Amino acid sequence: MTRPRILINFAITADGKTSTRSKDPAHFTSKLDLHRLLEIRKQADAILVGRGTLEADAMSMTIPAELKPARQPLRCIVSRSGTFDLSHKVFNSQGGTVHLLVTDPPADYNPLPYESAGAVVHQCPLPDFLHRLRTEYNIATLLCEGGGSLVRALAEIDAIDEANLTWAAHTIFGGSEAPTITGALGPHFPTTLHFALTHFEPLDNGECFLTYERLRASTKP
Ligand SMILES: NC(=O)c1ccc[n+]([C@@H]2O[C@H](COP(=O)([O-])OP(=O)(O)OC[C@H]3O[C@@H](n4cnc5c(N)ncnc54)[C@H](OP(=O)(O)O)[C@@H]3O)[C@@H](O)[C@H]2O)c1
């Protein structure tokens with residue numbers, strides 16, 4: 001499949017959780033972690049999130065002007081049903097063009113309100129959207145910032161090339177329903193995905209920045 005190179009970024013607790021069972025905003029890491037996320041955003045031509053993360057974290061999906069970004073990445077939001085809150089800040093802030101992916105629209109789905117707000121609405125499966133981003137919008141690097149259910153869908157089609165993790169081992173959430181980077185505990189993947197450590201940066205504050213590169217048959221040593 002022709003698609004962008006796909007990066008993910010997550011903060012995880014000592015027990016591998018990315019949020020609490022009630023999916024509260026994920027503010028359990030340091031300012032350094034936020035700064036690192038913004039630096040990773042600068043590498044991306046587009047950012048991708050699920051509707052749940054957009055709303056839970058009240059994201060504008062932009063890079064602050066003081067970081068002098070070369071450009072603002074496209075802002076891509078995924079939903080099955082395609083119902084978005086037009087009063088959300090992503091529709092009311094300066095930034096990259098908003099692209100809405102609706103994978104399972106109802107028969108009478110009306111994209112017009114979102115298009116009138118300046119968004120581009122795509123009604124297709126996730127793999128087709130990834131292909132379109134690469135071939136029609138020239139997106140070479142896509143950063144997926146979660147949440148877990150969206151990353152699970154990417155993992156199921158083996159579409160994760162780099163994983164950036166802040167291991168925040170100073171915190172434990174617990175609970176079988178608290179999500180991991182691939183969402184709540186669920187069925188096994190079609191196959192196990194292997195990654196190689198490419199960056200290891202322990203910090204004085206009890207966190208550790210880690211980067212892993214997907215090991216595919218062609219890249220295995
Ligand atoms: N620790 C971290 O670094 C981190 C990072 C990101 C998020 N989080 C946390 O994770 C929690 C949200 O997790 P989540 O798993 O609920 O979020 P999510 O994946 O962002 O959102 C779930 C929603 O996104 C849409 N969606 C997800 N996967 C889809 C797919 N394959 N196809 C079509 N639509 C899809 C659906 O929207 P519709 O309901 O509209 O159909 C779904 O209900 C929040 O608490 C957030 O703070 C933490």
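Note that the structure is a prediction, hence the values are computed from the model and not measured. Numbers here are sequence positions counted from 1. Counting convention: from 1, in listed order, for ligands and their atoms alike.
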So, 4.0 Å and heavy atoms of [X]: is ligand 1 close enough to count as a contact?
X	value
T103	yes
A11	yes
G148	yes
D57	yes

Pair S93, R75: side-chain N/O donor-acceptor within cut-off below 3.5 Å: yes
[X] versus [Y]: any side-chain heavy-atom pair under 4.5 Å?
X	Y	result
E207	T29	yes
D161	F195	no
L101	Q123	no

Using a plain distance cutoff, I'd like to know if [X] has any nitrogen or oxygen under 3.5 Å from a nitrogen or oxygen of ligand 1.
X	value
G82	no
S19	yes
T18	yes

Heavy-atom contacts with [X] under 4.0 Å: which atoms of ligand 1 show up? List them by number with element.
X	value
E145	5 (C), 6 (C)
A153	31 (N)
A56	44 (C)
L150	19 (O), 27 (C), 28 (N)
G146	6 (C), 20 (O)
F10	2 (C), 3 (O), 4 (C), 5 (C), 6 (C)

Nearest candidate to atom 41 (O) of ligand 1, where distance is taken over non-hydrogen atoms, out of E55, R80, K23: R80
Identity of the nearest option to atom 38 (P) of ligand 1, non-hydrogen atoms only, from R51, E156, R152, M59: R51
Are the side chain of [X] and the backbone of [Y] linked by a donor-acceptor contact shorter than 3.5 Å?
X	Y	result
R5	L143	no
D45	A140	yes
K17	G175	yes

Using a heavy-atom cut-off of under 4.0 Å, does the side chain or the backbone of [X] touch ligand 1, or both, or neither?
X	result
S79	both
S81	both
S149	both

Hphob cluster co-occupancy, V120 + L48, side-chain heavy atoms under 4.5 angstrom: yes
Hydrophobic cluster identity match, L74 and L142, side-chain contacts under 4.5 Å: yes
R36 charged N/C atom sitting above F209 aromatic ring, 6.0 Å / 45°: yes
Worked verdict on H122 versus R132 for side chain to side chain donor-acceptor pair (under 3.5 Å): CA-CA 10 Å; H122 305 259; R132 200 176 282 181; 3.0 Å; yes
